[in-house]
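This is the structure, below, for whatever I ask next.
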Amino acid sequence: MAGQSQNTDTEYIDINDMSIHISEKKTTGVNSRPENSSKSSRKKSGDKEIEQQSFLQGAMILTVSIVIVKIIGMIFKVMFANIVDGVGNGIFNSAYELYNVIFTVASAGFPIALSRMVSEHISKKRYRDVRRLHEISIPFFVITGMVCFVIMVILSGFYAGMIGNDGVRLPVIALSPIVLFGCLMSIYRGYFEGMRYMVPTAVSEIIEVSGKLIVGLLLSSLVDYFGTKEYEQYGTLFGKAVTPEIFKQLISSYTVSAAFIGVAFGSLCAFLYLLYKYRATRGGITKQQLKFSPKAKSKKTLFKKLALTAIPIGLGSFVMSIASTIDSILVNYRIVSIMKSGNGNVLMDMYDFLIPEYQDLFLQNQSGEYSIQVFLFGCYGYALTFLMLVTAVTQVFGQSAMPALTSAWTVKDKKLIRSNINTILKVTLLVTLPAGIGLSVLAKPLLTLLYGVRVEVEIATYVLQVMGISSIFIATSTPICSMLQAIGRVDMPLKLYTIGMLIKIVINYILVGIPQINIQGAAVGSLIAYLFVSVVGVYIIAKDTKVIPDFSKILIKPLIAAICCGISAYFVNYLVSQVISPNRFRVIPSLIVAMVVYFGMLLLLKGITAEDLSEIPGGNKLARILSKYRLLR
């Protein structure tokens, strides 16, 4: 077996030769070549030292990509919102809820487990094990992806009936191929992230969302245009006579399905890129590394350890997804129960600005179903878009934190463990605190910026004001759970999420069922649930690693700066609103002032150090400039 590995790896090259060095400060790669490999042999074989990305370097690459992805995603949201109304947006969100559950089952935590094990074995210089881990991951993801693809198609009708919205059935079917493509991408994303090489993941995410924007918008626009035109002329939709109520439901369903076809196309293109990248780099393991690597463990041994690592991680993600789906069903159910209990007049009084244009939402259609719950859930989705912006950024922190902290934990470097924990928490809170407070303070102008002046924004504003604070804990919980997994406590996120989601479901069930609160109560359960997950998670990390985070630096100073940021944003927005009528761009001055105040307060409070800046591209130069003007010490 060893001889076979050496023969098949003569063409392997260093993946980091193809990456951009984004830091002026070089880091020592944990997978550097064995010391007994001479310079002459390296020169002869053409091998070069592998320089892996640190936590901050990896996080920067993924953050840049996620910013691009979210900008493209926001463009899609804005343009798609001009094609469909609240009902269409509700169908879009409901279909994604089932997809999230199925995809979680399909991946079952294996991408994260694969990343962790690759990083662990790289730290131990067991390169043949890394190669074998990749080999055993391929058939697993292919089979599970295909099985879950079929399951999603089969469940589409049952799920539509369960939530009382038949318009969701076709969009769910259109989404199903993404489960397969997502599994195929997980093979390579998990591998490259474990190698601490984040470029392939970053690029593939941009490719994926670009397909959604270009192909998805094009197809959905065509379906909506020709479907509406046919109905206005002949009273039919694609050859079938329909009533006005049925037409509104069907055209939304078809339009959303067309958009999902674009998402599937983007996923396919992203997978093809990752496949090309792996073959072009040959996995980043050199001939010299394999030559001095210990004999690989058996496939059975590696798969067993991979499964034991993945199962609790996957169950934790599954609990979150299934809880989110249950929550979605309960939110819709509780709003319907308000209407059926005779308290529908309370909702009509609260949302009287929907009448008369949307009066039919409060009335039963021919099938005896209401549409108000779908509309309100669609408005909830408007606010959810901003929450996902914050969580997407901290999710990449978790992706980068996993291999970095795993490497330090594997070699038992206490100093490096302490540094990683403090850095991960500090960077996370530097982002989540101002973002969460800003979302709450500027809820309405931010929603107007994205969606324009429309009735859905009025409803979503109240949701986002609470959801903004929730986002701090929701976004922070992801890197915290990644750190728990990195130090070997792969069971703990499952336990924390299970308790947290039970808290969320109970609170949401109670609050959403109160007519005066309704959809606005859905954000409160998230706030309390993720507060529990974050606080208990940090406690367990401190207990197991014997590292007490420096809360003065990672929490207190960023919090003070974030509060000042929020106060300045509020007053600037108030002043601007006195002279400028509501429009998309009225929030821009508030955002600019808030950012200046935030960074100014961080410098004043010494919340950012020269050492922090040295880890980011151009950071040393920026530190010298700030130090010159005595803004940084």
Side-chain angles (χ1 to χ4, degrees), residues 80 88-112 137-187 189-190 204-205 208-209 211-212 215-216 219-220 223 249-250 252-271 310-311 313-332 374 377 381 384 388 501:
F80 190 66
N89 200 48
I91 291 174
F92 187 95
N93 293 327
S94 296
Y96 253 118
E97 290 292 342
L98 179 62
Y99 161 77
N100 288 333
V101 175
I102 298 295
F103 182 69
T104 300
V105 173
S107 58
F110 272 82
I112 299 174
S137 68
I138 295 175
F140 173 81
F141 278 113
V142 170
I143 293 172
T144 54
M146 293 180 67
V147 169
C148 289
F149 160 73
V150 174
I151 290 175
M152 191 166 176
V153 173
I154 294 173
L155 287 179
S156 60
F158 173 76
Y159 177 68
M162 187 168 59
I163 66 174
N165 186 2
D166 189 60
V168 173
R169 184 181 62 84
L170 189 60
V172 167
I173 295 174
L175 261 178
S176 57
I178 308 173
V179 177
L180 174 59
F181 299 142
C183 285
L184 296 178
M185 286 189 286
S186 294
I187 299 170
R189 285 176 175 172
S204 65
E205 288 173 346
E208 187 176 7
V209 76
K212 173 182 175 180
V215 180
L219 292 179
S220 59
V223 168
Q249 177 102 348
L250 284 180
S252 295
S253 178
Y254 292 157
T255 302
V256 171
S257 300
F260 285 152
I261 292 174
V263 178
F265 177 79
S267 298
L268 173 60
C269 292
F271 161 66
I311 289 173
I313 296 174
L315 286 175
S317 299
F318 177 73
V319 166
M320 290 181 63
S321 295
I322 196 68
S324 179
T325 301
I326 293 173
D327 190 45
S328 170
I329 294 171
L330 287 179
V331 166
N332 282 271
V374 181
F377 193 69
L384 201 61
M388 292 171 66
M501 293 307 101

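Keep in mind the model is a prediction, meaning the values are calculated, not measured.
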Q. Does Tyr159 reach the main-chain N or O of Ser94 with its side chain, forming a donor-acceptor pair under 3.5 Å?
A.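 Yes: the side chain of Tyr159 pairs with the backbone of Ser94.
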(Q) Main chain of Ser252, side chain of Thr255: is a donor-acceptor contact present, judged purely on distance under 3.5 Å? (A) no
Q) Minimum heavy-atom separation for Gly145 to Val179, with atom names? A) O-CG1, 4.3 Å
Q. Rounded to the nearest 0.5 Å, how far apart are CG of Leu184 and OG of Ser267?
A.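 Rounded to the nearest 0.5 Å, the CG-OG separation comes out at 10.0 Å.
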Q | Heavy-atom closest contact (Ser137 atom, Ile187 atom, distance) | A |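 Distance-wise, the nearest heavy atoms are OG-CG2, 3.6 Å.
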Q | Taking every non-hydrogen atom, the tightest pair across Ser253 and Leu170 | A |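 Taking every non-hydrogen atom into account, OG-CB, 3.9 Å.
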Q) So how far is it from Cys269 SG to Lys212 NZ, rounded to the nearest 0.5 Å? A)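 One gets 15.0 Å once the value is rounded to the nearest 0.5 Å.
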Q: Would you please test Phe140 and Ser186 for side-chain contact (heavy atoms from CB on, under 4.5 Å) and show each step?
A: CA-CA 11 Å; Phe140 173 81; Ser186 294; over 6 Å; no
Q | For Ala174 against Ile261, the heavy-atom pair lying closest together | A | CB-CG1, 4.4 Å
Q) Above 12 or not: heavy atoms from other molecules or residues under 6.0 Å from CE of Met162? A) yes
Q: Mind checking the CD1-CE spacing from Ile178 to Met185? Nearest 0.5 Å is all I need.
A: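 With rounding to 0.5 Å, CD1 (Ile178) is 8.5 Å from CE (Met185).
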Q. Where do Ile102 and Cys148 come nearest, in terms of heavy atoms and distance?
A.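 Smallest heavy-atom distance, with atoms named: CG2-O, 3.6 Å.
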Q: Please name the pair of heavy atoms, one in Ala264 and one in Pro177, separated by the smallest distance, quoted to 0.1 Å.
A: CB-CB, 4.4 Å
(Q) With heavy-atom distances below 4.5 Å as the criterion, would you say the side chains of Phe92 and Phe80 are in contact? (A) yes
Q) To the nearest 0.5 Å, what is the distance between OG (Ser328) and CG (Asn93)? A) 8.0 Å
Q.
Between Cys183 and Phe149, is there a side-chain heavy-atom distance shorter than 4.5 Å?
A. no
Q: Please say whether more than 12 non-hydrogen atoms of neighbouring residues, nucleotides or ligands are located less than 6.0 Å from CZ in Phe265.
A: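 Result for CZ/Phe265: open.
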Q. Ring pair (Phe, Tyr, Trp, His ring centres under 6.0 Å) with Phe181: which residues, sequence neighbours excluded?
A.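 Phe181: no ring pair (Phe, Tyr, Trp, His ring centres under 6.0 Å) contacts found.
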Q: Go through Phe260 and Tyr96 one step at a time and tell me if the side-chain contact (heavy atoms from CB on, under 4.5 Å) criterion holds.
A: CA-CA 10 Å; Phe260 285 152; Tyr96 253 118; 3.5 Å; yes
